[in-house]
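One structure is given here, and the rest of the page talks about it.
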Amino acid sequence: MTVLDEWAGVVRAVARDAGPAVVALRGGGRGCGVLSGDGQVLTNAHNVRADGVRIVFADGREAPGTVTGVDADADLAVVSADTPSAPAPAWAAPGDIGAPVLSVAHLGRGGLHVTAGLVSATGQSFRGPRGRRVEAAFEDVAVKTDLFRRL
């Protein structure tokens, strides 16, 4: 087995394990979110509007969602919905510079998308949409998939 075969197995495992907890947002918002607890979806505040949103689950089921909490400064929102029994994924610290990271998104009709990258900086801060400073962030750099095709 090659290193790329092993890496592909890791990516498939992440998609399999985290995929059921990643949802697409439609209607009153666009983007994706992640199940964060029973009946709760965590997403970016800029992905939703106060009038609600439709949640599209990995199995294709749709449900109405109600925006129940927004922190515009941190660009976070909680949407309440009738969620499936899929557990919230385990959260992990991103690691040090150079650590590989995988991001999983659900874009609705296109299904799951898994993107690979590397931690490029830690301990970063930035200003949220309303100017509040957000501390202890990290940056990642996506690795283009055509790079792997050339190896």
Quick check on the hydrophobic clustering: are Val101 and Ile97 connected, directly or via other members, by side-chain heavy-atom contacts under 4.5 Å?
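In one cluster with Val101: Ile97, no.
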[X] to [Y] - nearest heavy-atom pair and separation:
{"X": "His106", "Y": "Leu112", "value": "CB-CD2, 4.1 Å"}
{"X": "Ala58", "Y": "Gly19", "value": "CB-O, 3.6 Å"}
{"X": "Ala45", "Y": "Ala72", "value": "CB-CA, 4.5 Å"}
{"X": "Asp75", "Y": "His46", "value": "OD2-ND1, 2.6 Å"}
{"X": "Ala77", "Y": "Val48", "value": "CB-CG2, 3.9 Å"}
{"X": "Phe57", "Y": "Val23", "value": "CD2-CG1, 3.6 Å"}

What's the spacing between Arg12 CZ and Asp17 CG if we round to 0.5 Å?
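Going from the CZ atom of Arg12 to the CG atom of Asp17 covers 12.5 Å.
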Measuring from atom CG of Asn44 to atom CG of Asp71, what distance do you get when rounded to the nearest 0.5 angstrom?
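Here the interatomic distance stands at 11.5 Å.
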Kindly check if the number of other-residue, nucleotide or ligand heavy atoms within 6.0 Å of CG (Asp59) is above 12?
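Yes, because the 6.0 Å sphere around CG of Asp59 holds more than 12 heavy atoms from other groups.
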Counting only heavy atoms from other residues, nucleotides and ligands, does the tally under 6.0 Å from CG of Asp96 exceed 12?
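For Asp96, atom CG is not crowded (no more than 12 foreign heavy atoms under 6.0 Å).
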pair Ile55-Leu25: side-chain heavy atoms closer than 4.5 Å:
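A side-chain contact under 4.5 Å exists here.
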Compare all side-chain heavy atoms of Val41 with those of Leu35 and state whether any distance is below 4.5 angstrom.
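In contact.
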Using a 3.5 Å distance criterion without hydrogens, assess whether the side chain of Thr43 forms a donor-acceptor pair with backbone atoms of Cys32.
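A pair under 3.5 Å: yes.
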Thr68: partners by side-chain hydrogen bond (donor to acceptor under 3.5 Å, both in side chains), with sequence neighbours left out
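Residues passing side-chain hydrogen bond (donor to acceptor under 3.5 Å, both in side chains) with Thr68: Ser80.
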